[in-house]
Amino acid sequence: MPTMEDALKNALENALKQAYDLDADVIHIEQPKDKQNGDFSTNLAMTLAKTLRNNPFVIAETNKEKLELPSGVDRVEVARPGFINFFVSEDYLSDIIPEILEKGEQFGASDIGKGTHVNIEFVSVNPTGSMHVGHARGAAAGDSMARVMKKAGFDVTKEFYVNDGGNQIHNLALSINVRYHELFGRTLEMPGDAYHGPEITELAETIKAEHGDRYLYEDGYTYFREYGVKYLLDGIKNDLAAFDVEFDVFFSEKSLYDNGEVANTLKFLKENGHTYEKDDALFLNTTDYGDEKDRVIVKRDGTYTYLLPDIAYHKNKLSRGFDKLIDILGGDHHGYIPRLKAAIQMVGGKADTLEVDILQIVKVLREGKEVKMSKRSGKAISLRDLVDDVGKDAVRYFFSRHSLNTHMDLDLDLAIKKTNENPVFYAQYAHARINSLFEKAAEQGYEPDASIQTYQALTNEQAKDIMKLLMNYPSLIEEAATKRIPHKITNYVHTLASALHSFYSAVPILKGEATHIREHLNLLEATRIVLKDALFLIGVNAPRSM
RNA sequence: GUUCCGGUAGCUCAGCAGGAUAGAGCAACAGCCUCCUAAGCUGUAGGUCAGGGGUUCGAAUCCCCUCCGGAACGCCA
């Protein structure tokens, strides 16, 4: 079914041809914020004013006269500077209801992604501690992005890169060792880059419970490494599950060393002339691809920098057949983008194969003061605690509201205390309200009826507002998916919930004639379907009652 | 010094592939439950869109400069 935008563009093109014998290159159709200005609008006349050397108002009028209105458009008006405004008919609006009832949760799905294989890597926190609230934003954003892109026809793989191979795991093992010894009253000095989180002590306690004092007498290093990573990664997985974030792949950095991919990548880079030696170190020629300076991949002491296994990892992703790689990184890693983009091209990707979405760091406030999130210090506030306090839905809704590059503040006192005023309940309540009405309707012998095809009763402003919003859902999905801006969904949820509440207050739904009740119930069912689906996209439950 | 983000109502933020009177939530104020869940609705008030130039018929939105805040500029990850 062609969209109204396309139909209008067509009609305008024809009108232009007749009136001025002109082929318009781009016709921009928009939806005015103010309903006074129609349901759809074009600024065509203004953009043509210069080439036609005429008053935009006159051009608009001329166009209007030649216009053959597509079905569904009631009337056309020309407004002040030269806007051409289109008003849509009630029949056209209500056609959306049977469509939604028929498609159900498939409504809004599209094939705009054309099955493109997309890998979204996000969270990827080091298994050296628990997830803290700073990580939650990335988890919410990546997961929602994946859900929206799936809905838009992309073939999405969600991936978590487990940094289990580097130096931080060495520090983790040392930290565990210190805590373990402390459990037996022995004080060792914490190394400089140690991890001080309480979870490290818990970890040591489980080792003690299982192995007693064994590692006082034999070297526990290797065991601490393996056990520590597993223990902490399991914890992270649990935290993610509680946050309704699931990954398709947990990819181990260590595996890249074990199966030789890191070494092979190094060889590959050397053989293709992307490296050179200098100061006893091996440099990667990233400036060839626009980086500001070349980067070391093999240090003077012979060990690798973080970059090399990372290149191997991205090479591996490419080898798995992904057309598009998306990395969601924290704002503190933005400087890393040019070298990654350079590297991806060295190993066979194109410049735009990799896209890095930067997520600004969350500033967490407690008692009016900033709380620095750091696993090393151990002072971070865990995601689990926050989810336990305010609930998964509230936290996800909160993080999903803002665009990725907003420097957002999270006031913990506010977030926890104001549970009942959290906007997530506003949206969920709309869904619960609809269900509640259905129960009442059932008592009167009514229920949504998908066989109804024509509508006469949905004439009030509030009902029309809802239908217009419902009609916009498919294009919303497309925009959110292609621009990768999941927060747009959250915005929509709020707007739709608001329209529902207004409708509910203005119209005594179960009081009218039978046909009115039936039509209204169908409108509500369509709303419920879309509301639930949109909430799902941002990882928020749609409760039947509250 | 360079690079990347941000600066919009008292607070938290939308709006930024230019469009019509700049929006929402919270906070404030005034109304609305003998009636389908008041976690709701309706209305009022609140803005020099950091500042200054420029492009344009039209700029919160695009370009340049300045100021303020955050982040990054490692043979750490």
Grab the CD1-P distance between A/I466 and B/C41 for me, whole Å please.
12 Å
Quiz item: A/N405 side-chain donor-acceptor pair to B/G6 base, under 3.5 Å:
no
Taking all atoms of both residues into account, what is the closest heavy-atom pair of A/A534 and A/V493, and its distance?
CB-CG2, 3.5 Å
Looking at the base of B/C5, is there any donor atom on it, or on the side chain of A/H334, that sits under 3.5 Å from an acceptor on the other one?
no
Partner of B/C41 under the Watson-Crick or G-U wobble criteria, both distances under 3.5 Å, comes out as B/G31
Side chain of A/K299, heavy atoms from C-beta onward: which of B/A14, B/A20, B/A77 has the nearest atom to it?
B/A77
With a 3.5 Å limit on both atom pairs, tell me what B/G69 is paired to, counting Watson-Crick and G-U wobble, or say none.
B/C5
Inter-nucleotide P distance (B/A45, B/G6), Å rounded:
32 Å
Rounded distance in Å between the C1' positions of B/A28 and B/C67
32 Å
Does A/R433 make a cation-pi contact with A/Y504, if we ask for NZ or CZ under 6.0 Å from the ring centre and within 45° of the axis?
yes
Is the base of B/G40 stacked against the aromatic ring of A/Y504, taking ring centres under 5.5 Å apart and planes under 30° as the test?
no
A/K440 side-chain N/O to B/C35 phosphate OP1/OP2 under 4.0 Å:
no
Any side-chain N or O of A/R433 below 4.0 angstrom from OP1/OP2 of B/A38?
yes
Taking atom P in both B/G40 and B/G25, compute the distance separating them and give it to the nearest angstrom.
10 Å
When you measure from the side-chain N and O atoms of A/S403 to the phosphate of B/A14, is any distance below 4.0 Å, counting only OP1 and OP2?
yes
C1'-based separation of B/C49 from B/A60 [nearest Å]
5 Å
Identify which nucleotide among B/U37, B/C57, B/A20 has an atom closest to any side-chain atom of A/S545, counting heavy atoms from C-beta outward.
B/U37
Is there a donor in the side chain of A/N43 and an acceptor in the side chain of A/S41, or the other way round, less than 3.5 Å apart?
no
B/U12 -> Watson-Crick or G-U wobble partner, both distances under 3.5 Å, gives B/A24
Watson-Crick or G-U wobble partner of B/G18, both distances under 3.5 Å
none
Are any of the side-chain heavy atoms of A/T42 and A/L8 separated by less than 4.5 Å?
no
Is a donor-acceptor pair below 3.5 Å formed from side chain A/S41 to base B/A20, judging by atom type as modelled?
yes
Is the glycosidic torsion of B/C33 within 90° of 0, making it syn, or is it anti?
syn
Closest to the A/K293 side chain, choosing from B/C41, B/C73, B/A20
B/C73
So for A/H402 and B/U12, does any side-chain atom that can act as donor or acceptor lie under 3.5 Å from a complementary atom in the base?
no
Distance check, P atoms only: B/G58 and B/G53, in whole angstrom units.
16 Å
Applying the 3.5 Å cut-off to both distances, the Watson-Crick or G-U partner of B/U55 turns out to be none
Of A/T47 and A/Y429, the one whose nearest nucleotide on RNA chain B sits closer to the 5' end is A/T47
No-hydrogen, no-angle side-chain donor-acceptor test under 3.5 Å, A/Q168 and A/N163
no
Quantified in whole Å, what is the P atom distance between nucleotide B/A24 and nucleotide B/G46?
14 Å
Which whole number of Å gives the distance between the P atom of B/C73 and that of B/A27?
41 Å
Whether A/S502 contacts B/C41 is assessed here as follows: a side-chain N or O lying under 4.0 Å from the phosphate OP1 or OP2. Is that the case?
no
With the side chain defined as heavy atoms from C-beta on, A/H407 is closest, among B/C5, B/A39, B/A71, to B/C5
Where the side chain of A/R339 is concerned, which of B/A20, B/C41, B/A77 is the nearest nucleotide?
B/A77
Does A/R137 make a cation-pi contact with A/F399, if we ask for NZ or CZ under 6.0 Å from the ring centre and within 45° of the axis?
no
Identify which nucleotide among B/A71, B/A14, B/A77 has an atom closest to any side-chain atom of A/H487, counting heavy atoms from C-beta outward.
B/A14
I want to verify a distance call: between B/C75, B/A71, B/G19, whose nearest atom is closest to the A/E30 side chain?
B/G19
Closest-nucleotide 5' rank along RNA chain B - winner of A/N167 and A/D409:
A/D409
Please pick, from B/C13, B/C41, B/A71, the nucleotide with the shortest atom-to-atom distance to any side-chain atom of A/Y426.
B/C41
